[in-house]
Chemist: 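Sharing a structure here in structure tokens format.
The sequence lines fix the lettering, A, B, ..., with proteins before strands; numbering per chain opens at 1. The analysis underlying the following values was restricted to heavy atoms, covering all of them including side chains, and did not include hydrogens, waters or symmetry mates.
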Amino acid sequence: MEYILEVNNVVKQYGDYTALNNVSLKVPKGSIYGLLGPNGAGKTSLIRIINQITMPDSGEILLDGEKLSPDHIGHIGYMPEERGLYKSMKVGEQALYLAQLKGLSKTEAKKQLEYWFEKLEIKGWWNKKIQELSKGMAQKIQFVVTVLHQPKLLIFDEPFSGFDPVNANLIKDEILELRDKGATIIFSTHRMESVEELCDDIALIHKSNKLIEGKINDVKREYRTNTFEVGIVPFNLQGFLANIATTEYKSEKTDFKTLDDELKLSITLPQAGTSSQLLKYLMEHGNVTYFVEKIPSVNDIFIKTVSQI
Amino acid sequence: MSLSLIIKREFNSKVRNKSFIVMTFLSPLLIVAMGALVAYLAGVNKDVVNKIAIYDTADLLKDDFKDNANTKYVDLSAMPLEEAKKIASEDYAGLIYIPVTDSITQLADSKIEYLSNDTPNLEFVSTIEKVANEKITKYKLKQLGFDYDKIEEAKTRSKIYLSKFSGEETHKEGSIIKIIIGGLFGYLIMMFVIIYGNMVMRSVIEEKTNRIIEIIISSVKPFQLMMGKIIGTSMAGILQFIIWTILGLGLFTILSSVFNVEMGATAQTEEVAQSMEGIQLYISELWKLPLMTMFISFIIYFIGGYFLYSSLYAAIGAAVDSETDSQQFLLPIIMPLMLGVYVGFFTVISDPNGTVATVFSMIPLTSPIVMMMRIPFGVPLWEVIVSMVILFATFFGVVWFAAKIYRIGILMYGKKPTYKELFKWLKY
């Protein structure tokens, strides 16, 4: 597999405090990559190093196979968590300035800017000052500024915070479109719903260390507990409950939403058990109305991993 | 490439700022208007005539007090003292009381009094003393058999002509010009450093509080951003100074031509001729100064001093979150500037090539000010060069140091750092 970004054994210390302890990551090309971790885990430190805002104490970073250098600045787009623009500068002028800092020529920047303004229906804002815009409007400008120079790698730190649902959706669609056009996107977030929805790969950073990395499904598979949520109308309720207690299946009463009022259990398979064996067993004892594997959510994995340490 | 972009943006954002525009065009008008107001007020005072009462029953001094444009003496000796005092306290500015003595000589040992409601100005008091002293001296001399008029005749008023070993003639007026020009340049550098250094600091704080800083430095190096800011701001400042100079000269020309017309109409020709001669003397002295050296060294010291200080201002701006937090760090910057100006005014004037002045014109934090004040008096070239070399060496050191603090500081939010923490940042 080709990787757009490889982080190899990066260490960063601030005085006595270790912000990143030997962290390695591989971000596949064309993916949406979720960089997860609680506050203070080291996500921002890592992102700053990728953006060459700070330098790592040791370790190296490869962008598209090349060692990261100032020439790569134009290939990366970064939207920090703390959004900011010059308040008293006009929208168009400001976007042009920031794009030119990324290495775009003025005419090219203008062309791109017109494209995006058209696309997001914000054409009338060109000569407005940021301080005249609402927070959500300013966020849109911030997004445009981030993607204007058509970077290969986009880094969004908490991209949806501050957007209303309509605009958040709009931005989400734009991000997916950018991915389809070949850009790679790194999300840094602790909002798990968006991760489930968008990310192909995830990495979990906690207390300066990387704990998990991989395809989201691989990670989930690794964290699966072989637990099934089962809805059943037993032929003989007492008999069934007594019987299942003698088996290797670990069961407990649980609750989930169904239409009927059946017995709801969560059943964990024994080491060697398979789902079809379980289903067969259940069918012998009643009408199975519901049978779903309980897949760990990213949130579960996150909380489980973080609280272990 | 990006440096020039940053410079352009900084320059534009300063120059387009409303308060900048207002300040640029209003300040010269305000200064001229203030000057005119002061001149007018001084003139108003001049037209007031003070009436002074004299009580001199023995007729010893009263004829010696001569009326002039601002004072008029009135003899009240005819009435009783108490009444004279009463009238004087109501209608007169004051009363000179001369005691009755047998002869003028005894007057020296008796008490001449001046009574008034408020404290008289010192000049007036010394006028009274002078009148009394002259009269008594004259009288004593006469008693001793001297001819006062002959003594007057014999008095000599010699004048010292100053010149240099190199042959040029100088005048006392030349020293005044040197003090004024040197002081002006030194003061200008200090003002520029404070005004535009602060502007640099504010603009750093603005970027930090706007949080745009992270976007910018993901595109350019913090050092580039800092230098772009400093250069862009200084260019806006230089533009402002040029406009001020042009406006100032224009206004000055207009005003002086207006005043000249007025003066020609009223003033006595002799006075005008005298003042014209004086002005010409000053101008010729001005041309004798090493103007080219001064101009070139002004530019160099200006750049060196401004960059040295404004990089410190930038570092402070990066270290704090708001302007109010910057006070404790600003003090160590303002101090050497003030010191430079004070040392300049007190030691350079009394001894331009003395040890104190020389040392302070070498210390990089004060040298732009102090050396600029010394140069009009003539400073050996090597001293100027050494001082400039030290200044620029320090400049690079300080910029390195400031850039380090800046680089760390702009990403630090929250609590105000201590000096200890700033020192720690240097090692990051």
Side-chain angles (χ1 to χ4, degrees), chain A residues 12-17 19 44-45 47-55 57 70 72-90 93-106 109 129-131 138 141-143 145-146 148-149 151 153-155 157, chain B residues 1-20 202-225 228-229 232 318 321 404 406-414 417-418 420-428:
Chain A
K12 179 75 188 172
Q13 285 189 312
Y14 294 106
D16 297 332
Y17 176 73
T44 305
S45 295
I47 290 173
R48 281 180 180 166
I49 288 171
I50 297 170
N51 276 301
Q52 303 180 61
I53 292 171
T54 49
M55 293 296 139
D57 296 336
H72 291 127
I73 277 170
H75 297 315
I76 302 177
Y78 172 40
M79 183 157 89
E81 180 179 6
E82 298 282 357
R83 312 294 155 69
L85 294 164
Y86 289 111
K87 287 203 166 55
S88 52
M89 220 174 155
K90 285 177 183 159
E93 212 180 335
Q94 174 148 231
L96 285 182
Y97 170 64
L98 293 172
Q100 280 176 284
L101 283 188
K102 283 283 188 189
L104 248 64
S105 72
K106 199 169 178 179
K129 285 182 179 174
I130 294 292
Q131 58 200 10
I141 306 293
Q142 194 98 47
F143 176 79
V145 163
T146 312
L148 199 60
H149 55 289
L153 179 64
L154 278 158
I155 301 173
D157 204 346
Chain B
M1 173 62 190
S2 30
L3 185 66
S4 64
L5 276 171
I6 297 167
I7 293 173
K8 212 168 96 191
R9 196 207 81 86
E10 290 297 329
F11 180 79
N12 281 337
S13 76
K14 299 286 168 308
V15 171
R16 288 188 201 159
N17 190 303
K18 278 198 195 79
S19 66
F20 180 90
R202 267 205 301 277
S203 134
V204 173
I205 294 176
E206 188 206 344
E207 275 178 4
K208 208 180 154 180
T209 47
N210 272 356
R211 309 272 174 159
I212 195 174
I213 191 74
E214 211 160 329
I215 295 175
I216 305 274
I217 56 169
S218 70
S219 309
V220 300
K221 290 220 171 321
F223 182 74
Q224 277 178 316
L225 181 60
K229 219 171 248 309
D321 276 350
K404 280 215 134 182
Y406 182 83
R407 195 169 60 88
I408 306 293
I410 44 179
L411 295 171
M412 294 278 181
Y413 295 103
T418 59
K420 208 174 128 197
E421 277 167 306
L422 288 186
F423 182 71
K424 241 166 71 185
W425 291 359
L426 291 178
K427 292 186 288 188
Y428 279 2

Chemist: When you compare the side chain of Y14(A) with that of I408(B), does any pair of heavy atoms fall below 4.5 Å?
Modeler: no
Chemist: Rounded to the nearest 0.5 Å, how far apart are NZ of K8(B) and CD of Q100(A)?
Modeler: 6.5 Å
Chemist: Any chance you could measure N210(B), atom CG, to E82(A), atom CD, to the nearest 0.5 Å?
Modeler: 12.0 Å
Chemist: Measure the spacing between CD1 of I215(B) and OH of Y78(A) and express it to the nearest 0.5 Å.
Modeler: 8.5 Å
Chemist: If you measure from CG on L101(A) to CG on L3(B), what distance do you get to the nearest 0.5 Å?
Modeler: 10.5 Å
Chemist: At a 4.5 Å cut-off on heavy atoms, which part of T54(A) comes close to chain B: side chain, backbone, both, or neither?
Modeler: side chain
Chemist: Going by the rule side chain to side chain donor-acceptor pair (under 3.5 Å), which residues pair with N51(A) if we only count those two or more places apart in sequence or in a different chain?
Modeler: none
Chemist: Look at E81(A) together with R211(B) and state whether they make a salt bridge at an N to O cut-off of under 4.0 Å.
Modeler: no
Chemist: Between E206(B) and Y86(A), is any side-chain donor less than 3.5 angstrom from a side-chain acceptor?
Modeler: no
Chemist: So, taking the atom named CD1 in I212(B) and the one named CG in L85(A), what distance separates them when rounded to the nearest 0.5 Å?
Modeler: 5.0 Å
Chemist: For M89(A), which atoms come within 4.5 Å of any heavy atom of chain B: side chain, backbone, both, or neither?
Modeler: side chain
Chemist: If you apply the rule side-chain contact (heavy atoms from CB on, under 4.5 Å), what do you find for N12(B) with Y97(A), and how did you get there?
Modeler: CA-CA 12 Å; N12(B) 281 337; Y97(A) 170 64; over 6 Å; no
Chemist: Using the salt bridge (charged side-chain N to carboxylate O under 4.0 Å, His left out) rule, take R83(A) and E214(B) through it: C-alpha gap first, then chi angles, then the decisive distance, then the call.
Modeler: CA-CA 9 Å; R83(A) 312 294 155 69; E214(B) 211 160 329; over 6 Å; no
Chemist: Where does S218(B) contact chain A at under 4.5 Å (heavy atoms): side chain, backbone, both or neither?
Modeler: both
